[in-house]
Amino acid sequence: MILGQRIKEEREKRQWTQDYLAETLNVSRQAISKWEVGSTYPDIDRLVQISNLFDITLDSLIKGDDSLKKSIVITKNAKAQTNVWEFMRSNGWMMVIAIIYLVTKMIIAVFS
């Protein structure tokens with residue numbers, strides 16, 4: 001049995017709609033549909049959420065889906081290094097805005 005069929009089976013066993021499952025997992029209904037037909041896979045965090053939600057082991061959720069097993073990559077270096085530019089690109093712009101705001105407030109306070 002492939003992952004999508006397993007997700008659909010567990011969802012239908014609980015008489016949940018795709019909309020309900022999507023809302024619970026904080027994804028779109030289209031994402032659920034794509035998972036169930038096998039055109040895409042949920043990320044590893046979602047797989048853990050799904051297994052917890054359905055009260056089944058992660059192993060039993062993905063077991064039998066050879067294409068998913070092949071696509072899961074486990075790196076030996078769990079602590080990935082990030083340089084300043086990668087950090088800025090991923091989430092740093094909000095930090096820059098916050099810092100500019102705080103510096104501006106400090107300057108205004110000093111010269112007031």
Exercise for the section: List the steps, then state whether side-chain contact (heavy atoms from CB on, under 4.5 Å) holds for Ile50 with Leu53. Expected result: CA-CA 5 Å; Ile50 292 167; Leu53 188 61; 5.6 Å; no
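Summarising the local packing, CG of Asp43 is surrounded by more than 12 heavy atoms from other residues, nucleotides or ligands at distances under 6.0 Å. For Gln30, the CD atom sits in a packed shell: over 12 heavy atoms of surrounding residues, nucleotides or ligands are nearer than 6.0 Å.
When side chains are defined from C-beta on, Trp35 counts as touching Val27, because their heavy atoms get closer than 4.5 Å. Using a 4.5 Å cut-off on side-chain heavy atoms (C-beta onward), Leu21 and Phe54 make contact. The closest side-chain heavy-atom distance from Ile62 to Ser51 is not below 4.5 Å.
Proximity of a side-chain donor or acceptor of Arg11 to a complementary backbone N or O of Trp16 within less than 3.5 Å is detected. The closest donor-acceptor contact from the side chain of Ser33 to the backbone of Arg29 lies at 3.5 Å or more, if one exists at all.
Both Ile32 and Ile44 are part of a single hydrophobic cluster, where members link through side-chain heavy atoms under 4.5 Å apart. In the hydrophobic clustering of ILVMFWY residues, with side-chain heavy atoms under 4.5 Å counting as a link, Ile56 and Tyr20 come out together.
One finds a salt bridge joining Arg6 and Glu10 here, because a Lys/Arg side-chain nitrogen approaches an Asp/Glu carboxylate oxygen to under 4.0 Å.
With rounding to the nearest 0.5 Å, the separation of CE in Met106 from CG in Leu102 is 8.0 Å. Here Ile2 contributes atom CD1 and Lys8 contributes atom NZ; the two are 11.0 Å apart, rounded to the nearest 0.5 Å. How far OG1 of Thr57 is from CG of Asp59: 5.0 Å, rounded to the nearest 0.5 Å. Going from atom CD1 of Ile7 over to atom CG of Leu61 covers 6.0 Å, rounded to the nearest 0.5 Å. Between atom CD of residue Glu12 and atom CD of residue Gln18 there is a gap of 8.5 Å, rounded to the nearest 0.5 Å.
Residues Gln49 and Leu25 come closest through the heavy atom pair CB-CD2, 3.8 Å.
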